Structure formats: structure tokens, C-alpha cells
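Below: one structure, written as C-alpha cells.
Note that this is a predicted model, so its numbers are computed, not measured. Residue numbering restarts at 1 for every chain, and letters A, B, ... go by the order of the sequence lines.
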2 protein chains.
Amino acid sequence: MGRRSDHTPAQLRALLLGEGHRLMAEVGYAGFSGRLVARRAGYTVGTIYNVFGSLDGLVAAINTRTFALWAEWLRDALERGGEDRIASLVRGYFDFALAHPQLWSAIYEHRLPDGASLAEEDLAHRAELTGIVEDEVALVLPADTELDVARFARSLIASVHGHCSYVVSGSFALLDEPDPLGSALARVRESLAYHGTLRQIS
Amino acid sequence: MGRRSDHTPAQLRALLLGEGHRLMAEVGYAGFSGRLVARRAGYTVGTIYNVFGSLDGLVAAINTRTFALWAEWLRDALERGGEDRIASLVRGYFDFALAHPQLWSAIYEHRLPDGASLAEEDLAHRAELTGIVEDEVALVLPADTELDVARFARSLIASVHGHCSYVVSGSFALLDEPDPLGSALARVRESLAYHGTLRQIS
DNA sequence: TATTTATATTGAACATCGTTCAATTGTGCG
DNA sequence: CGCACAATTGAACGATGTTCAATATAAATA
């Protein structure tokens with residue numbers, strides 16, 4: 001079969017990305033296969049290389065989509081959550097990872113080849129997610145704080161991330177930790193309290 | 001070639017483990033190859049399966065060795081470090097990961113097949129590492145603290161781990177974080193202070 | 001409309017991977 | 001000395017990512 005017109009380039013990209021995302025959610029990064037993605041989309045391997053340049057390009061796009069869903073998830077958590085917006089964020093972080101462990105893990109398991117760097121689109125979506133947290137952290141700190149709020153917020157994200165990655169990888173289960181989310185939230189609260197949180201809701 | 005007597009079973013195990021550890025340090029989990037380990041040791045693939053049962057068994061053994069080196073590294077850091085033992089621990093955690101990024105990452109990149117679990121030896125070495133931290137955290141907290149010190153210590157480890165994993169994976173570089181170690185240590189200090197650290201050194 | 005140009009798609013080829021297992025060959029014991 | 005045992009091999013199998021000449025079709029041109 002030669003050239004087709006079943007899909008426009010944009011449609012084809014969306015199709016492969018969708019199937020890729022679906023497969024990643026099913027089998028995770030370790031079981032991911034470019035050939036299978038193409039087959040499910042009704043195409044063959046080579047097409048992935050036409051559209052995404054490389055398999056790493058497809059995986060990066062898949063992870064970018066996961067990031068976008070994650071940001072959306074956090075915004076929902078903030079909207080539907082109560083007054084304690086910090087708790088909503090931490091809970092949202094955990095919930096997403098636990099709802100989509102394969103997708104969430106794939107973000108951190110994918111390593112680009114040496115020298116290669118992420119595309120601008122990917123960086124933008126990550127900045128979006130951290131931006132949501134930065135805004136909420138800023139709201140809760142005194143206006144005259146001496147902290148670099150952005151750095152502080154990202155450090156809190158890293159702390160929560162550590163807890164979450166232990167949960168998803170199973171390390172915490174082995175350590176008999178009954179409430180990882182609660183621990184993560186407690187650490188965040190302690191740091192916020194140290195810097196004079198405005199409203200402290202138990 | 002059939003049966004040999006170049007090495008005793010114990011020697012052979014040590015040989016393969018050593019070469020495997022060396023290769024993991026060189027190429028990381030993604031580039032790891034059982035065939036290459038065997039070739040470097042002067043044997044062939046099958047021997048790995050004789051000795052370790054599976055390739056996962058070899059990788060688990062490699063990661064266990066990394067854990068042991070890490071624990072030793074932390075003890076050294078405590079011994080050679082100054083009075084601020086908490087700082088020594090956090091710095092030791094980071095330094096090891098940065099000194100051996102491939103070995104450190106391999107610990108968290110290796111996922112056992114569904115249902116499989118780690119051997120007792122592996123669990124013991126992990127408990128050793130967390131035990132070192134638990135002891136130091138207990139020393140620095142008031143004797144009459146209401147905290148579950150073990151859980152608290154492991155939560156602090158998770159926080160530091162989160163920062164460290166961002167550094168090794170390059171996420172923090174993208175976020176322009178100038179001092180991840182300093183941030184991690186600051187968060188740890190804030191949590192300790194919240195629970196009434198005895199001596200607070202800067 | 002007929003012809004040519006451009007391009008998207010294919011799938012075989014290649015080198016590798018993990019895993020299995022029959023065959024082989026050396027070791028140590030009776 | 002010969003036999004039973006056990007360790008080691010390496011070919012086989014199905015899969016992976018990656019490349020690229022061949023091909024078939026769409027789009028552009030005459």
C-alpha cells in the first residue's frame with residue numbers, strides 16, 4: 001500500500017497519539033511497543049517515524065498528553081474541593097497517580113537519549129502544572145514573605161512527588177506506611193506553617 | 001564447552017554480580033544486557049539463568065549491592081561530617097545519587113513482574129538504610145514526642161528522595177532550581193522544627 | 001483528461017533483546 | 001576405569017527499535 005488519504009496529517013497524529021496513550025495506560029512503559037501502536041491504528045511501524053520522527057517523539061507526546069490531563073485533574077480537584085485548597089492539590093496529585101499509575105510512571109521512566117531535550121510544548125505543559133501549585137502556595141503565604149515562592153512551591157511538589165513515587169512503586173507498602181497521602185500533606189503543612197501560613201486548616 | 005571448574009558457585013555468583021554491577025554503572029538500566037554481562041565474565045547467557053534464576057534476579061542482586069554501598073556511604077558521611085548530622089544525611093543521600101546516577105536510578109527503574117516480590121536479603125538492606133535515618137531523626141527529636149518516629153523519618157526520606165529524583169532525571173535543571181540539596185534540607189529542617197528539634201543548627 | 005511529480009506508506013532487513021532447553025562435555029565418585 | 005551427575009553452551013524463538021528502498025496513490029501540471 002502506498003500513499004493514503006484516510007486521514008489528514010493532523011488526524012493521523014491524533015490517532016497515533018490516542019492509541020499510543022491508550023496502550024501506555026494498559027501495559028506501561030516497559031510493555032510499550034511502537035509496532036503495536038501502529039497496528040492498532042491500522043498503520044505500520046514506519047508511519048510512526050514519519051509522524052513523530054522517532055519512537056521517543058511519540059512517547060514524549062504521550063507523556064505530554066498525560067501532563068495535560070494531570071493539570072486538568074488538579075484544576076478540577078481545586079474547583080470541587082473545599083476551602084482547604086492545599087489539601088485538594090496534594091490529594092489531586094496522589095489521586096491522579098493512583099488512577100493512572102502506568103501513565104504517571106511513564107513520565108518518569110522515559111529517558112531521552114543523551115543530549116536530546118524536550119520540545120517546547122512539553123515544557124509548557126509541565127510549567128502549567130507547577131504554575132497551578134505556585135499560585136495556590138502564593139495565596140496561602142503572607143504577602144510580605146521573603147521566600148522565593150516559585151522555588152518553594154516546586155520544592156513542595158518534589159516532596160509530594162517523593163511520597164507518591166514510593167506509593168506507586170510499592171516501596172511504601174513494604175515499609176508499612178498506612179497513609180502516605182496524609183504524611184505528604186503533613187510535611188507540606190509543616191513547611192507552610194514555618195513560613196507563616198495565613199489560614200491553617202488542621 | 002561443558003562443565004567447568006574455573007570458579008566455585010560462590011565465586012561465579014560474585015563474578016557475575018560484579019560484572020553486572022559494573023555494566024549497570026556504565027550504561028544504566030536501559031542499556032543493560034544480560035548477554036554482555038555473561039560475555040564480560042567469560043561465560044554465556046544461560047549461566048546467568050543457572051545462577052540467578054532469571055535476569056530479574058541478577059538485577060535485583062545488583063540493586064541490593066547498590067543499596068549496601070549506599071548505606072555504607074551514609075555511615076561514612078555521618079562519621080566524617082560535622083555536628084549537623086541531619087545535614088550529613090541529606091547531603092550523603094544526594095552525593096551518592098549524583099556519584100552513581102545509573103546505579104541509583106536502576107533501583108527505581110527496575111520493576112518486578114506482576115506478583116513477584118523482592119527477596120528477603122533485598123528487604124533487609126533497604127531496612128538498613130532507612131534504619132540509619134530513623135536513628136538520627138530520633139536523636140534530634142524530643143524524647144517525649146508524640147510522633148511515630150519511624151513513619152516520620154521515612155516520610156522525610158520520601159521528601160528528600162523526591163528532590164533527588166528531580167535532580168537526577170533533569171527535571172529540576174529545567175525548572176532552574178539552583179540548589180536542590182539546599183531546598184531538600186530546608187524542608188527537612190522545617191518539619192523537624194515543627195516537632196521541636198532539640199538543637200537547630202542554622 | 002493524461003502525464004508527471006511529489007509524498008505517504010509499507011514491510012523486509014538488521015542487529016539486538018530475554019528466555020528456553022536439548023545437547024554436550026567436563027567433574028567427581030564409586 | 002567407567003558411570004552418573006551437573007554445569008555450560010549456543011541455537012532457536014519471538015519480540016524489540018530503526019532504517020530505507022520500493023511502491024502506490026494523491027496532487028500538480030500540461
Side-chain angles (χ1 to χ4, degrees), chain A residues 1-17 19-21 23-24 26-63 102 106 109-116, chain B residues 1-17 19-21 23-24 26-63 102 106 109-116:
Chain A
M1 201 188 315
R3 183 173 183 170
R4 295 199 215 162
S5 60
D6 305 3
H7 306 95
T8 68
Q11 282 175 336
L12 182 52
R13 208 192 128 87
L15 176 64
L16 289 171
L17 184 50
E19 290 295 343
H21 202 256
L23 181 62
M24 188 68 85
E26 287 176 25
V27 302
Y29 183 72
F32 189 80
S33 151
R35 275 186 170 86
L36 187 48
V37 172
R39 184 154 61 242
R40 285 191 178 183
Y43 285 78
T44 54
V45 231
T47 300
I48 289 179
Y49 288 82
N50 291 340
V51 176
F52 293 94
S54 67
L55 202 68
D56 280 317
L58 171 58
V59 174
I62 288 169
N63 286 343
Q102 307 276 38
E109 288 175 42
H110 183 224
R111 303 229 177 280
L112 291 167
D114 283 1
Chain B
M1 201 187 320
R3 185 174 183 173
R4 293 199 215 164
S5 61
D6 305 2
H7 306 94
T8 68
Q11 283 175 335
L12 181 53
R13 207 192 131 88
L15 176 64
L16 290 170
L17 184 50
E19 290 295 343
H21 202 256
L23 180 62
M24 188 68 85
E26 286 175 27
V27 303
Y29 184 73
F32 190 79
S33 152
R35 276 187 171 86
L36 187 48
V37 172
R39 184 153 63 240
R40 285 192 179 183
Y43 285 78
T44 54
V45 231
T47 299
I48 288 179
Y49 288 81
N50 291 340
V51 176
F52 293 94
S54 66
L55 204 68
D56 280 318
L58 172 57
V59 173
I62 289 169
N63 287 343
Q102 306 276 37
E109 287 174 44
H110 183 224
R111 304 230 177 280
L112 291 168
D114 283 0

- Check side-chain hydrogen bond (donor to acceptor under 3.5 Å, both in side chains) between A:Arg3 and all other residues, then give those that pass, not counting sequence neighbours. none

- Message: Can you build the contact string for nucleotides 24-30 of chain D? Use B for base contact, S for sugar-phosphate-only contact, and - for no protein heavy atom under 4.0 Å.
- Response: BBBS---

- Task: Give me the first and last nucleotide of DNA chain C, going 5' to 3', that has any atom under 4.0 Å from a heavy atom of chain A.
- Result: C:dT7 to C:dA13

- Going by number, which of residues 54-63 of chain A have a non-hydrogen atom under 4.0 Å from DNA chain C? none

- Residues in side-chain hydrogen bond (donor to acceptor under 3.5 Å, both in side chains) contact with B:Asp114, at least two apart in sequence or another chain: none

- Task: May I have the distance from A:Tyr29 (atom OH) to D:dT16 (atom P), rounded to whole angstrom?
- Result: 14 Å

- Distance, nearest 0.5 Å, that separates CE of B:Met24 from CD1 of B:Ile62: 4.5 Å

- Message: Classify A:Ser33 by what it touches in the nucleic acid, base, sugar-phosphate, or nothing, heavy-atom distance under 4.0 Å.
- Response: sugar-phosphate

- Output, in order, the C-alpha distance, side-chain angles, deciding distance and verdict of side chain to side chain contact (heavy atoms under 4.5 Å, CB included) for A:Leu16 and A:Leu12. CA-CA 6 Å; A:Leu16 289 171; A:Leu12 182 52; 4.2 Å; yes

- Between A:Gly46 and A:Gly31, name the one whose nearest nucleotide on DNA chain D is closer to the 5' end. A:Gly31

- Message: How long is the straight-line distance from OG1 of A:Thr47 back to NE2 of A:His7, given to the nearest 0.5 Å?
- Response: 11.5 Å

- Would you indicate what B:Leu12 reaches in the nucleic acid, counting non-hydrogen atoms under 4.0 angstrom: base, sugar-phosphate, or nothing? sugar-phosphate

- How long is the line joining CG of A:Leu23 and P of D:dG17, in whole Å? 10 Å

- Task: List in chain and number order the residues that pass side chain to side chain contact (heavy atoms under 4.5 Å, CB included) with A:Ser5, two or more places apart in sequence or in another chain; answer none if no residue qualifies.
- Result: none

- For A:Gln102, all residues meeting side-chain hydrogen bond (donor to acceptor under 3.5 Å, both in side chains), sequence neighbours excluded: none

Only pairs under 3.5 Å count here: list side-chain donor-acceptor contacts from residues 29-39 of chain B, not counting sequence neighbours, and write none if there are none.
from, atom 1, to, atom 2, distance (Å)
B:Ser33, OG, B:Arg35, N, 3.4
B:Ser33, OG, B:Leu36, N, 3.1

- Considering residues at least two apart in sequence or located in another chain, which fulfil the salt bridge (Lys or Arg N to Asp or Glu O under 4.0 Å) criterion with A:Arg13? none

- Within residues 34-43 of chain A, the residues having a heavy atom closer than 4.0 Å to DNA chain C are A:Arg35, A:Gly42, A:Tyr43

- Item | Donor-acceptor under 3.5 Å (A:Gln11 side chain, A:Thr8 main chain) | yes

- Message: If I take atom CD from residue B:Glu19 and atom CD1 from residue B:Ile48, how far apart are they, to the nearest 0.5 angstrom?
- Response: 10.5 Å

Sequence neighbours excluded and cut-off under 3.5 Å, please list the side-chain donor-acceptor pairs for residues 49-57 of chain B, or say none.
from, atom 1, to, atom 2, distance (Å)
B:Ser54, OG, B:Asp56, N, 3.4
B:Ser54, OG, B:Gly57, N, 3.1
B:Asp56, OD1, B:His110, NE2, 2.8

